[in-house]
Amino acid sequence: MDLLVIEKPDDEILKKVETFCIEDLVKMSLKDDPSKFCIMPQKFVDQDRERIKNMEIFEDDVWVVTYPKCGTTWTQEMIWMLNNNLDYETASKIVLEQRYPFLEVSSILKGYPTDKVEICKNLTRPRHIKSHLPYFLLPDQLWTVKPKIIYVVRNPKDTALSWYYHHKHLHDYTGTKEELIAAFVKDLMFYSPMNDHVLDFWKIRNAPNILFLYYEDMKRNLDQEVKKAMKFLNKNYSQDEIDKLCIHLSFNSIRNNPNVNKDNAIVKYMEFFGKKYDQSNGFSFIRKGKVGSYKKELAAEQNLMLEKYADCSRLKDSEFEYKFG
Ligand code: PPS
């Protein structure tokens with residue numbers, strides 16, 4: 001085990017964002033650099049941390065890494081299609097979670113039925129792997145073998161809102177939006193802190209194996225971002241093929257695609273725990289897909305808290321700016 005310090009933050013707000021499936025949140029930090037920390041369930045520390053740190057990495061791996069709710073699923077489908085010769089037939093038969101597994105999910109969610117780290121280790125190459133882990137918790141070999149990594153960022157206001165609805169509908173979170181946003185800006189949500197998550201990848205964005213994308217750019221001009229990703233993957237498709245892919249990746253198409261939208265899997269997971277997936281008001285895992293929905297959905301106080309969070313001086317020093325649309 002590398003030198004990690006594990007502690008339980010003494011903060012009431014942390015307990016508020018623990019739910020039936022996300023239990024026992026702890027703060028993991030690096031002993032020799034306490035500024036590097038991440039909030040994770042204790043089970044991750046016990047079960048997956050060491051195995052992931054020491055995982056073998058291959059040059060032809062293709063990773064999608066994000067802070068949660070930044071457009072991971074959308075990007076995974078885009079990258080998988082581009083890297084698999086636009087194989088619509090396989091994509092229509094095999095769910096995305098099987099084509100592009102979520103590395104640490106088994107130790108994040110209570111009672112997850114399979115061992116995803118083992119599954120990822122044994123995937124047919126080229127492996128496609130999703131992770132929400134921050135830079136310092138990802139496998140060591142990622143930084144020496146240097147496979148392709150696609151990082152996606154989204155502005156913290158829309159991200160925190162999406163995180164709130166995710167908790168409310170998928171995790172049976174019963175706290176308020178205000179409490180969840182308070183936890184978010186205090187860096188107490190699991191996978192937090194978001195700013196450091198983003199900045200660590202921003203710093204390496206110009207490395208040849210890194211593609212740094214913005215959710216807001218994908219919304220504004222998907223064609224352009226698809227072409228960027230295509231070039232990054234050394235692929236070449238015609239404009240007609242790209243047009244067809246953009247339709248496949250459009251919000252309605254992704255929302256209505258049972259192999260990408262996770263609603264069916266969520267229903268089963270929640271039923272297993274005697275919970276009901278709350279799909280009232282037409283809620284779906286692929287929810288609204290908008291830039292700027294915070295304008296209508298956030299009260300002035302939460303808007304300001306997130307504004308400050310997004311604008312902290314460290315971000316300015318790095319010349320990184322979120323895009324709010
Ligand atoms: S997760 O749980 O962290 O893996 O979620 P993630 O996939 O990162 O993010 C989910 C949000 O991405 C939106 N999404 C899209 N937006 C626009 N167009 C398309 N095609 C698309 N596909 C997914 C999804 O709706 C979630 O955002 P919100 O704001 O909640 O709608």
Side-chain angles (χ1 to χ4, degrees), residues 19 21-22 63-81 91 95-97 99-105 108-109 112 116 128-134 150-171 173 177 180-181 184 189-192 194 197-198 201 213-223 225-226 229 245-263 265-266 269 277-279 281-298 306 323-325:
T19 58
C21 54
I22 304 288
W63 289 62
V64 165
V65 180
T66 70
Y67 183 81
K69 310 317 289 178
C70 289
T72 330
T73 315
W74 189 15
T75 307
Q76 284 173 271
E77 183 68 2
M78 170 175 82
I79 297 296
W80 190 90
M81 291 299 293
V95 293
L96 182 63
E97 181 53 35
R99 291 180 275 130
Y100 217 131
F102 178 9
L103 178 66
E104 69 275 9
V105 68
I108 299 300
L109 290 180
Y112 198 84
K116 275 290 159 78
H128 293 78
I129 298 177
K130 156 190 167 174
S131 178
H132 290 310
L133 291 173
I150 299 92
Y151 188 85
V152 193
V153 64
R154 186 182 193 186
N155 77 69
K157 293 184 184 179
D158 287 325
T159 302
L161 253 186
S162 182
W163 219 185
Y164 164 68
Y165 288 109
H166 179 110
H167 275 68
K168 180 170 149 60
H169 292 264
L170 279 59
H171 294 184
Y173 166 71
K177 194 189 280 178
L180 188 132
I181 288 170
F184 182 90
M189 293 298 296
F190 73 110
Y191 286 114
S192 284
M194 178 179 183
H197 202 294
V198 174
F201 279 89
L213 298 176
Y214 291 80
Y215 176 94
E216 292 80 7
D217 289 344
M218 288 170 67
K219 278 294 293 185
R220 194 176 40 81
N221 192 341
L222 186 57
D223 175 272
E225 300 309 293
V226 164
L245 180 60
C246 286
I247 293 169
H248 176 76
L249 295 172
S250 67
F251 179 77
N252 284 334
S253 161
I254 291 281
R255 188 175 159 106
N256 293 321
N257 183 340
N259 282 335
V260 180
N261 193 335
K262 299 179 188 167
D263 283 343
I266 297 164
Y269 176 78
Y277 178 23
D278 172 11
Q279 290 183 278
N281 303 322
F283 180 85
S284 167
F285 175 80
I286 306 295
R287 188 183 63 97
K288 274 202 171 160
K290 293 232 156 80
V291 176
S293 50
Y294 65 86
K295 288 175 194 159
K296 279 194 185 148
E297 295 185 62
L298 281 183
L306 286 161
K323 300 188 179 185
F324 288 92

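First listed ligand is number 1; within each ligand, the first listed atom is number 1. What's counted below: heavy atoms across the whole structure, side chains too, no hydrogens, waters or symmetry copies.
Lys168 and Tyr164 share no side-chain donor-acceptor pair at under 3.5 Å. Using a 3.5 Å distance cut-off with no hydrogens or angles, the side chains of Ser284 and Gln279 do not pair a donor with an acceptor. Using modelled atom types and a 3.5 Å distance limit, the side chains of Glu297 and Tyr165 yield a donor-acceptor pair.
The 4.0 Å heavy-atom shell around ligand 1 contains residues Pro68, Lys69, Cys70, Gly71, Thr72, Thr73, Trp74, Lys130, His132, Arg154, Ser162, His166, Tyr215, Lys219, Leu249, Ser250, Phe251, Ile254, Lys262, Phe285, Ile286, Arg287, Lys288, Gly289, ordered by chain and number.
Between Trp163 and Tyr67, the two ring planes are perpendicular [angle over 60°; tilted spans 30° to 60°].
Under the ring pair (Phe, Tyr, Trp, His ring centres under 6.0 Å) test applied with Tyr191, the options His197, His132, His166 reduce to a single match, His132.
The cationic atom of Lys157 (NZ for Lys, CZ for Arg) lies less than 6.0 Å from the six-membered ring centre of Phe324 and within 45° of the ring axis.
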